Student: 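For reference, the structure I am asking about is given below.
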Number of protein chains: 2
Amino acid sequence: MSSDIPVSMAQRKRQLVSDELSEAALQLLALKGFDAVTIDEIAATAGVSKRTFFRYFASKEDVVVQFLADMGTGIRTELAARPAEEPPSVALRHSVWVSMAACAAPPGHSDRALRVVQLILRTPALRARFLERQDQWRGDLAAELAQRLDLAPDTALYPQLAAGMALTAFDAVLQRWSGSDGVEDPAELIDRAFTTIAPALDAVPSESVGTGKGGNEASLSERRQPPGAGSR
Amino acid sequence: MSSDIPVSMAQRKRQLVSDELSEAALQLLALKGFDAVTIDEIAATAGVSKRTFFRYFASKEDVVVQFLADMGTGIRTELAARPAEEPPSVALRHSVWVSMAACAAPPGHSDRALRVVQLILRTPALRARFLERQDQWRGDLAAELAQRLDLAPDTALYPQLAAGMALTAFDAVLQRWSGSDGVEDPAELIDRAFTTIAPALDAVPSESVGTGKGGNEASLSERRQPPGAGSR
DNA sequence: GGCGTCTTGACACCGAGTGTCAATCGAGGC
DNA sequence: GCCTCGATTGACACTCGGTGTCAAGACGCC
């Protein structure tokens, strides 16, 4: 559940404690439910003190959400690696797909990922923290997109929208995947989702960083007095 | 900061306490920062006990987020009221626009809304709760869309995607609006945002509730082995 | 005036999260 | 081998968010 070989021997122990902690947490949380497990319990199971728990994880939710946290930076770096000529829809779909596969695939039991995702999605507190993370990802992705397309990050709406749409797709796929107990194929789901949102992703506005603003307002700005508004 | 006339006289007092509470909370939170204010403090300022605070609001974040909470149901009911022939992009844009205007407009000081939004967006804990609310809105909106388009709510990706895109647009607009200190015109921002996402919103899939599934997969499902994946 | 309902404050309680400090352990330097 | 320095840890105390409980007061009804 970790990653690379820690170079030093001293901090291998650290890695070990961390693993022990998440192992215990995941076990207990999945078994007894989120609220029914105290941090003292998790720490005791892992053989450390409560105080030590907080030296490794910022909160009870963090232990679980951590598992998917790398995916955010994964998507971004993957996007940065895509060729510049690639249309956003393709680059984004690929980035999401690769990161998701990298998370769900790693050697051995891929159903561990499924279990974690299901736990997150059906536990309000965990889902909330997950949304928080996603929100950060969105900002990162938007920045990356802005740079990629040479748009002013704070002037153009497009990067935020595109990042949001990509993550919306990601979220919908995740939900469907977890809801089907992993039966449905993530690859196909991602494809379908991105096929839907692609028309919007590839309609990149012309407002570049140089020119102040494009002329794409065929809009129909209502006249401040909506038809049947009224109440509340 | 409330809405209609409470029919009974007995519960007018209740409304009063609620107002007093949110008033005190908003004042203090905006002044001293979210973490620097305790609930005891808020309650004391409002002249009630801490226990009473929790009889009116579920959490410290709730007092603030409550202000935007009605917007969710507002968007949904507004959407339900739109004519069925209207394409999703138009119906959604309108629903979002009306609800947003209803929130930011109400008689008198509209900058109160601005202040609240800014507080929420720049306070992580508040933003988190706000995202949580939005997540609920998304589910509601998706359900409404599925019904509206006669799609199977759990089979089709489209409703979730469309709802997500609409809220993404909403969020981007909110962010820009608050970032510009209310200078930018929400109506115009919404128009621009929805102009971008409209192509995706109006590409409604053909998979109706009756027919099992449409034939719209021109997709290009990668072959399980992405180009340059490998590490994290 | 008596009675049921609703609201409140006081109190005790739990758990998350943090600051502090002394003890411990491992890695060199001598 | 010993000593010292730094990192890690456990124990303790503390704050604060949030909840359950209960007795007391306010209000409406008969």
Side-chain angles (χ1 to χ4, degrees), chain A residues 2 6-22 24-26 28-29 31-66 120 123-130 132, chain B residues 2 6-26 28-29 31-66 119-120 123-130 132:
Chain A
S2 56
V7 280
S8 150
M9 171 187 166
Q11 66 211 61
R12 189 172 322 194
K13 193 172 176 181
R14 207 175 154 73
Q15 184 67 39
L16 193 139
V17 174
S18 174
D19 287 357
E20 204 93 23
L21 236 15
S22 18
L26 239 52
L28 288 174
L29 292 180
L31 186 66
K32 305 174 57 177
F34 186 80
D35 295 320
V37 180
T38 73
I39 292 190
D40 285 284
E41 210 173 336
I42 297 174
T45 304
V48 298
S49 72
K50 172 181 115 180
R51 196 61 186 84
T52 294
F53 175 94
F54 284 108
R55 289 197 179 98
Y56 284 82
F57 300 97
S59 67
K60 191 159 58 153
E61 296 94 327
D62 233 45
V63 197
V64 185
V65 172
Q66 188 81 337
I120 292 178
T123 306
L126 290 175
R127 174 144 184 92
R129 291 277 183 160
F130 181 52
E132 218 177 333
Chain B
S2 56
V7 281
S8 150
M9 170 187 167
Q11 64 211 58
R12 188 173 324 196
K13 193 173 178 182
R14 205 173 155 75
Q15 185 67 38
L16 193 138
V17 174
S18 173
D19 287 357
E20 204 95 23
L21 236 14
S22 19
E23 185 66 31
L26 241 51
L28 289 174
L29 292 181
L31 186 66
K32 305 174 56 177
F34 187 79
D35 297 319
V37 180
T38 73
I39 293 190
D40 285 285
E41 211 173 335
I42 298 174
T45 303
V48 298
S49 72
K50 173 181 115 180
R51 196 63 187 85
T52 295
F53 175 94
F54 284 108
R55 289 197 180 97
Y56 284 82
F57 300 97
S59 67
K60 189 159 59 152
E61 295 93 328
D62 233 46
V63 196
V64 185
V65 171
Q66 188 82 336
L119 179 61
I120 291 178
T123 305
L126 291 174
R127 175 143 184 92
R129 291 278 183 160
F130 181 51
E132 217 176 333

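Note that the structure is a prediction, hence the values are computed from the model and not measured. Just so we're on the same page: letters track the sequence lines, and every chain starts at 1.
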Student: Look at the side chain of A/R55 against the base of C/dG17 and say whether a donor-acceptor pair falls under 3.5 Å; ignore hydrogens and angles.
Tutor: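 Checked by distance alone, the answer is no.
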Student: May I have the distance from A/R51 (atom CZ) to C/dG15 (atom C1'), rounded to whole angstrom?
Tutor: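 Result: 15 Å.
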Student: To the nearest Å, how far apart are B/I39 CD1 and D/dT19 C1'?
Tutor: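 About 12 Å, once rounded to whole Å.
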Student: Quickly work out the B/F53 CZ to C/dT7 P distance and round it to whole Å.
Tutor: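 These atoms are roughly 18 Å apart.
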Student: With no hydrogens and no angle check, is any side-chain donor or acceptor of A/K60 less than 3.5 Å from a backbone partner on A/F34?
Tutor: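 The answer is yes, because a donor-acceptor pair under 3.5 Å joins these two groups.
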Student: Reading DNA chain C from 5' onward, which residue's closest nucleotide shows up sooner: A/T38 or B/V48?
Tutor: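 Nearest nucleotide further toward 5': that of B/V48.
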Student: Determine whether B/Y56 and B/S22 make a side-chain contact, defined as any pair of heavy atoms from C-beta on separated by less than 4.5 Å.
Tutor: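 Of all side-chain heavy-atom pairs linking B/S22 with B/Y56, none is under 4.5 Å.
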Student: Rounding to a whole Å, what distance do you find between B/D35:CG and D/dT15:C1'?
Tutor: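 It works out to 13 Å between those atoms.
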Student: Are any non-hydrogen side-chain atoms of B/V63 and B/L21 less than 4.5 angstrom apart?
Tutor: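 Heavy-atom side-chain distance check fails, nothing below 4.5 Å.
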Student: Within this structure, what is the CZ-to-P distance between A/F54 and C/dA16, rounded to whole angstrom?
Tutor: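 One finds 7 Å between P of C/dA16 and CZ of A/F54, rounded.
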Student: Under 4.0 Å, heavy atoms only, any strand: does B/Y56 hit a base, just the sugar-phosphate, or nothing?
Tutor: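 Answer is sugar-phosphate: B/Y56 comes under 4.0 Å of backbone atoms only.
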Student: Whole angstrom is fine here: how far is it from CG in A/L16 over to P in D/dA7?
Tutor: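 One finds 21 Å between P of D/dA7 and CG of A/L16, rounded.
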Student: Confirm from the modelled atom types if B/K50 and C/dG9 form a donor-acceptor pair under 3.5 Å, side chain to base only.
Tutor: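 A donor-acceptor contact between them is absent.
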Student: Toward the 5' end of DNA chain D, which comes first, B/D40 or A/S49, by nearest nucleotide?
Tutor: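 The residue whose closest nucleotide sits nearer the 5' end is A/S49.
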Student: Using atom types as modelled and distance alone, determine if a side-chain donor or acceptor of A/S18 lies under 3.5 Å from a backbone N or O of A/R14.
Tutor: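 Not confirmed, A/S18 side chain does not pair with A/R14 backbone.
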Student: Of the nucleotides C/dT8, D/dG17, C/dG17, which has the atom closest to the B/R14 side chain?
Tutor: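 Shortest atom-to-atom distance from the side chain points to C/dT8.
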Student: Provide, to the nearest angstrom, the distance between the NZ atom belonging to A/K13 and the C1' atom belonging to C/dC25.
Tutor: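 So the NZ-C1' distance, A/K13 to C/dC25, works out to 7 Å.
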Student: Between A/K32 and A/E41, is there a salt bridge with N-O shorter than 4.0 Å?
Tutor: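 Salt bridge present between A/E41 and A/K32.
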Student: Find the distance A/L126:CG to C/dA16:P and express it as a whole number of Å.
Tutor: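 So the CG-P distance, A/L126 to C/dA16, works out to 13 Å.
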